[in-house]
Amino acid sequence: MDEKYFAQKIERKWQKRWDERGTFVAKIDDEREKFYCLEMLPYPSGKLHMGHVRNYSIGDVLSWYKRLQGYNVLHPIGWDSFGQPAEQAAIKKGVNPRDWTEDNIDQMREQLKTLGISYDWSREIAAHRPEYYKFDQWFFLKMLEMGLAYRKDSEVNWCPKCETTLSNEQASGGICWRCGTQVEKQSRPQWFLKITKYADELLDDMSQIEDGWAERVLTMQRNWINKSKGTFVDFSVRESSEKIRVFTTRIDTIYGANAIVVAPEYPLIEEKFESFSDEVKAKIEEIKVEQAKPKDYDEEIEKDGIDTGLHAINPFSNEPVPIWVGNYVMMSYGTGAVMSVPAHDERDFEFAKKFDLPIRQVISETHLVHEHHTMQALALDQAFTQKGILVHSDFWNGKKSKDAIKEMTRYAETHGFGESATTYRLRDWGISRQRFWGSPIPIVYCNSCGTVPVEFEDLPVELPESAPFTGVGESPLAKVPEFVNVECPICEEDAKRETDTMDTFVDSSWYYFRYCDPHNSELPFDSEIANYWMPVDQYIGGIDHAVMHLLYTRFWSKVSRDLGMVNFDEPCERLLTQGMVVTDSFYSKKQESYVTADEVEIQRDESGKVIGATLKEDGSEVKVAVEKMGKSKLNGVDPNEMIEVYGSDAARIFSMFAAPAENELVWQESGIEGAVRFIQRVWRYVHKWVESGRWSIGEDDDPNSVSIAELTLKKLDFSDDAKKLRQKTHQTIQRITENFESGQFNTPVAALMELSNAMYDFKVEPENASDGDLFAVREACESLILMLAPYAPHVAEELWEAITGRDLGILESDARFPIADEDVAKEDEIEIVVQVNGKVRSRVKVSSDASKDDLERAALADGKIQNYTDGKEIVKVIVVPGRLVNVVVKG
RNA sequence: GCCGGAGUGGCGAAAUUGGUAUACGCACUGGAUUCAAAAUCCAGCGGGCUUCACUGCCCAUGGGGGUUCGAGUCCCCCCUCCGGCACCA
């Protein structure tokens, strides 16, 4: 046994032993309650970043905690290994995406093993392997059978020079990443999954998970789906027999409509285009071009539009209103037309202000109803968007918005110019990608038979070994004749394969099922096995996935349920959305790329805050920002160096201690020394007692030593100091258990540090320790090690071995997370704060079970308090048992 | 722009969910130990006033307002920063 703590040595020792003993291999066991702990699977970029370390450390803390409580824990890991970076590497460096990906996986697996996360590596999966993506295709075919997969035209980013489609990232700033050409939109047939069919269920089933998911995530999902009840209203057009249909949730404001605003591609506009003036034509074209550009959200888009000269007739008032084309109306969203009510909608208000359109108030606040009936509308300086009472609305005046919405909708329905409707913002999920590195969509196009699904027994449709990666022209897959040319599964005539591959979100939508049964070659997973492990008890991942991934994944479970494969609705009971790990990013405008911190000269203000930077090489300007780590192209902080220097236990403790899991964490390395110091303090303390020979481990013990079993059997006398130490031990167990149960992982580290400080404050040396002292020390040490294990499993195993001679993590281990003894933890005397008018004026010591009356009496008897109450009237006394007394005085 | 979140000492943060603001750690300062350094140990550490000292008082949780006996915590407005926005994953 080394006396000195040497992280690398013990970490390697235990990683090897865990591997050999299969410590973390999960097996179905009906005797024990299962716990499925899952972290979002990483994209194998080749390099671990601090966001990963944080994510997996949180998962490991929970896995260890549950394992020590006797749960049957499943804690798997795999790779989200399809995606653009591999293909970009192929284009830029000429490597094969498969080799590039496999290399990266090997590197990251090594790094993860060095971190010592308690994964069941026998269940490792990777999306890019045919054994896995076979079942992406399997699910696709099932969804096709269910009518959930369909094909329709949809737009993609298109570079006219490279004649290729681009992702949003490749088209950022509206220009092609390769050649800088202005990006356009192109329409092409693509495959969609009908997630909208599940919109209501995705909303309603939130009630099943609301206890375990953060409210912010559910809110974002709710707003993303955005179910709104409202009314379709048809406006007839004075210059045409066509009608314009708009959707509104506020039909009660229709008397305030001052215009109909339509998208530039609106059919009526196309039809009447030639009749417009040159100015109108030019503006419409301009808006079209502008809308076709990929969105840059940083840039504020000013409202723009033009009056076409056409008129729509308000079906309620028969009033004609102008028809405008506006840049904020999209053909692809809603009906492509909106009614503009500036007085009661902020966007419409802004539009009306800019073009000086009339603004008519038709809803007023309840208490102003009377005046507004007779007065002209007040000059509004902003839109009044709340509900209220209708004014300036003919027959409907004086009605409440809520009633008016119902009655006016009914009126529109009976008069044939409208209908009530429920709309969703949620759109179907487009999964077609014109890329090589993804699951091929298992479809064949035949001239005689049409669109033909590949037979189930012919799955997987395998990706070819390689393809020409040029970054120009059609997708690489389309350039591989052996892949494209195929026999039609029906008529056996020559046919062509679909060359689009699936969105990588498909892979990550069902991987947690696969972990349950990762080697099944017939089915994605066995139902019975999945129903044992699933749903996931705790899912942990970045808040950046709050909407898309987590919505797709919920959708996929519901589809699996409808396929009869699982017996539940929601895939994850509890979700911990970890805050982003962000870091300073340096973007060189000259090099048009991100550079590392080493390459720049950083300017700081007096407080050390970064205010700017220049490139060391030539002093050119560098844009400094704080951005999430792992963002593609951005070089994050490399945790491996930190692990090498300080050890993985220290890195893990520090990453957990640095901030609460949900918070964003601005990464900085200073402070990790504190974690190392803490480990060393624990190490030294335990070794001092073990090596003193005062407690026994094996058979050849010191004759003066005594085992914990012997101690437990004796009736022990505890000194006041020993009592104090035991009290601290049990209070710490209470605190940490509470923290873990409520998902708080930073404060337990502080509690452990406090406990170790208390151990150092206990001044008894081994040589003259009584049996009671020995017991108190041993109890503190054992509890500390067990509670430390989730954070620093290597050092915990090592110390546990030192004091018990046994392993901690293995299934056969009898080590259990400690349980607090309330009687030992209880304080006899507590300090109560005494306030006068809410300000702390004194403190009194009372017995911890003092009654309310006792507290009040003690407070009023206190000399300092009497100074404040003398000659004044005591209005009331508020007593919060265990906390404080507040005396309220007057005069 | 739309949706969601965050802001507390020099720094990361804590605060039993409306009840002692600043636990724990980092950095810093002083002391012990040492030939010396590292390591370790002890002490101090929000700001301002007051007292020789004990002490006492006031101001502080991004800014402004409100509710309450009492607000970091609840409500309203504003500022700054971060995440997502459907082809980054």
Side-chain angles (χ1 to χ4, degrees), chain A residues 40-43 45 80 82-85 156-157 165-172 214-217 219-224 226 294-295 297 299-303 328 346-347 350 425-435 503-505 508 542-549 551-552 577 579-580 582 607-608 625-628 630-633 654 657-660 662-666 668 670-675 677-678 680-681 684 735 738 746-747 749-754 757 760 831-840 843 875-878 880 882-889:
Chain A
M40 287 181 184
L41 88 174
Y43 177 79
S45 60
D80 190 12
F82 271 140
Q84 277 191 77
V156 290
N157 297 318
T165 58
L166 300 172
S167 67
N168 286 344
E169 195 180 38
Q170 289 170 328
S172 79
E215 188 52 45
R216 58 175 167 166
V217 175
T219 306
M220 277 189 261
Q221 293 210 354
R222 208 173 280 123
N223 291 341
W224 182 267
N226 193 21
K295 274 164 272 177
Y297 298 106
E299 200 186 332
E300 199 169 320
I301 301 162
E302 211 189 322
K303 298 252 176 323
Y328 65 102
E346 273 159 31
R347 281 189 329 174
E350 205 186 308
R425 199 185 75 108
L426 180 70
R427 307 201 296 261
D428 278 339
W429 174 12
I431 59 159
S432 292
R433 299 289 181 271
Q434 294 73 53
R435 270 180 268 295
D503 180 3
T504 53
F505 273 125
S508 55
I543 184 68
D544 46 341
H545 291 294
V547 178
M548 301 188 67
H549 162 64
L551 201 59
Y552 293 148
T577 39
M580 294 285 94
V582 297
S607 71
V626 176
E627 282 178 283
K628 74 167 173 174
K631 190 170 189 152
S632 51
K633 296 176 186 169
F654 179 56
F657 182 50
E662 290 84 356
N663 274 25
E664 179 179 280
L665 174 60
V666 181
Q668 50 177 320
S670 70
I672 184 158
E673 290 91 344
R677 270 202 279 268
F678 165 60
Q680 285 172 335
R681 268 166 77 81
R684 279 198 307 271
R735 258 174 82 183
E738 269 169 39
N746 55 330
T747 44
V749 179
L752 290 173
M753 287 172 172
E754 281 183 49
N757 291 345
Y760 273 87
E831 201 179 60
I832 293 288
V833 161
V834 186
Q835 301 180 326
V836 176
N837 288 343
K839 286 193 189 259
V840 180
R843 294 173 163 87
V875 183
K876 60 175 162 176
V877 181
I878 291 148
V880 184
R883 308 255 66 185
L884 58 67
V885 178
N886 187 14
V887 183
V888 185
V889 296

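Every chain is numbered from 1 and lettered A, B, ... according to where its sequence line falls, protein lines coming before strand lines.
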Which nucleotide, B:U20, B:A86, B:G83, lies nearest any side-chain atom of A:Leu426? B:A86
For B:U22 and B:G46, measure between their P atoms and round to the nearest Å. 10 Å
Between B:C3 (C1') and A:Arg425 (CZ): distance, integer Å: 7 Å
Of the candidate nucleotides B:G19, B:G4, B:C82, which contains the atom at the shortest distance from the side chain of A:Glu664? B:C82
Opposite nucleotide pairing with B:U40, Watson-Crick or G-U, both atom distances under 3.5 Å: B:A32
Looking at A:Arg433, does any N or O in its side chain come under 4.0 Å of the phosphate oxygens OP1/OP2 on B:C87? yes
Test side chain to side chain donor-acceptor pair (under 3.5 Å) applied to A:Asn223 and A:Arg425, step by step: CA-CA 8 Å; A:Asn223 291 341; A:Arg425 199 185 75 108; over 6 Å; no
Quick one: label A:Asn226 by what it contacts on the DNA or RNA (base, sugar-phosphate, nothing), any heavy atom closer than 4.0 Å. nothing
Chi-based syn or anti call at B:G46, which uses purine or pyrimidine torsion atoms and a 90° bound: anti
State, yes or no, whether a side-chain contact exists between A:Ile543 and A:Val217 at a heavy-atom distance under 4.5 Å. yes
With both distances under 3.5 Å as the test, what is the Watson-Crick or G-U wobble partner of B:C57? B:G48
Rounded to whole Å, CD of A:Glu754 lies from C1' of B:A14 at a distance of 10 Å
Taking C-beta and beyond as the side chain, do A:Asn757 and A:Arg681 meet within less than 4.5 Å on heavy atoms? yes
B:G18 P sits how many Å from A:Leu884 CG, rounded? 14 Å
Watson-Crick/G-U partner (both atom distances under 3.5 Å) of B:U73: none
Distance (rounded to the nearest 0.5 Å) between A:Arg677 CZ and A:Met753 CE: 9.5 Å
It should be established whether A:Asn757 places a side-chain nitrogen or oxygen under 4.0 Å from OP1 or OP2 of nucleotide B:G25. yes
Test log, rule salt bridge (Lys or Arg N to Asp or Glu O under 4.0 Å), inputs A:Glu662 and A:Arg216: CA-CA 11 Å; A:Glu662 290 84 356; A:Arg216 58 175 167 166; over 6 Å; no
Counting heavy atoms from C-beta on, name the nucleotide in B:C26, B:C85, B:U20 closest to the side chain of A:Arg677. B:C26
Output the single nucleotide from B:C41, B:C69, B:U20 whose closest atom is nearest the side chain of A:Asn886. B:C69
Roughly how far, to the nearest 0.5 Å, is CG of A:Leu551 from CH2 of A:Trp429? 9.5 Å
To the nearest angstrom, how far is A:Asp544 atom CG from B:A86 atom P? 14 Å
When all nucleic acid strands are considered with a 4.0 Å heavy-atom cut-off, which category describes A:Ser432: base, sugar-phosphate, or nothing? base
What distance do A:Arg433 atom CZ and A:Thr504 atom OG1 have between them, rounded to the nearest 0.5 Å? 7.5 Å
Under 4.0 Å between any heavy atoms, over every strand shown, what does A:Trp429 touch: base, sugar-phosphate, or nothing? Just pick one. nothing
Choose from B:U20, B:C3, B:A86 the nucleotide whose nearest atom is closest to any side-chain atom of A:Asn223. B:C3
Scan A:Gln170 against the nucleic acid and name what it touches under 4.0 Å (heavy atoms): base, sugar-phosphate only, or nothing. nothing
Check the phosphate of B:C24 against A:Arg735, side-chain N and O only, distance under 4.0 Å to OP1 or OP2. Yes or no? no
Between B:C87, B:C3, B:A89, which one does the side chain of A:Val156 approach most closely? B:C87
Please report the distance, rounded to the nearest Å, between CD in A:Gln221 and C1' in B:G4. 12 Å
A:Ile543 CD1 - B:G84 P separation (whole Å): 10 Å
What's A:Ala659 touching, base or sugar-phosphate or nothing? Going by heavy atoms closer than 4.0 Å. sugar-phosphate
Between A:Asn886 and A:Gly838, what is the shortest heavy-atom contact and its length? OD1-N, 3.0 Å
Pick the P atom in B:C88 and in B:G83, then give their distance to the nearest Å. 15 Å
Watson-Crick or G-U wobble partner of B:G7, both distances under 3.5 Å: B:C79
Hey, is B:U20 sitting syn or anti, using the within-90° cutoff around 0? anti
Hey, what's the ring geometry for A:Phe505 with A:His549, parallel, tilted or perpendicular (30° and 60° as the breaks)? parallel
Touch check for A:Pro42, heavy atoms < 4.0 angstrom, all strands: base, sugar-phosphate only, or nothing? nothing
Nearest-angstrom distance, C1' atom, B:C69 to B:C3: 39 Å
Give one of base, sugar-phosphate or nothing for A:Gly430, where a contact means two heavy atoms less than 4.0 Å apart. sugar-phosphate
With heavy atoms under 4.0 Å as the rule, sort A:Tyr43 into base, sugar-phosphate or nothing. sugar-phosphate
The side chain of A:Thr504 is closest to which nucleotide in this list: B:G25, B:A89, B:C85? B:A89
Look at all strands and tell whether A:Val833 reaches a base, only sugar-phosphate, or nothing, counting heavy atoms closer than 4.0 Å. base
Categorize A:Arg216 for me: base, sugar-phosphate, or nothing, with a 4.0 angstrom heavy-atom threshold over every strand shown. sugar-phosphate
Between C1' on B:C85 and CE on A:Met220, what's the gap in Å once rounded to a whole number? 11 Å
B:A89: pairing nucleotide in any strand, Watson-Crick or G-U under 3.5 angstrom: none
Looking at every strand, decide which applies to A:Gln835 at a 4.0 Å heavy-atom threshold: base, sugar-phosphate, or nothing. base
Contact class for A:Val547 vs. all strands (heavy atom < 4.0 Å): base, sugar-phosphate, or nothing? nothing
Identified pairing partner of B:C2, criterion: Watson-Crick or G-U wobble below 3.5 Å: B:G84
Looking for any heavy atom pair under 4.0 Å, which part of the strands does A:His545 touch: base, sugar-phosphate only, or nothing? base
A:Phe505 CZ to B:C88 P: how many Å, rounded? 8 Å
Nearest heavy atoms of A:Tyr43 and A:Pro85, plus distance in Å: OH-CB, 3.3 Å
Counting only side-chain N and O atoms of A:Lys839, is one of them less than 4.0 Å from OP1 or OP2 of B:C59? yes
OP1 or OP2 of B:A14 less than 4.0 angstrom from a side-chain nitrogen or oxygen of A:Thr747, does that happen here? no
Strand partner of B:U17, provided both Watson-Crick or wobble distances fall under 3.5 Å: none
Sort out the partner of B:C24 for me: Watson-Crick or G-U wobble, both distances under 3.5 Å, none otherwise. B:G12
Per A:Val880 side chain, nearest of listed nucleotides B:C88, B:A13, B:G19: B:G19
How far does the C1' atom of B:G63 sit from the matching atom of B:A6, given to the nearest Å? 16 Å
Check whether any side-chain N or O of A:Arg681 sits under 4.0 Å from OP1 or OP2 of B:C41, and answer yes or no. yes
Have a look at A:Met753 and say if it touches a base, only the backbone sugar-phosphate, or nothing, with a 4.0 Å heavy-atom cut-off. sugar-phosphate
What's the closest nucleotide to the side chain of A:Val840 if the choices are B:G19, B:C85, B:U20? B:U20
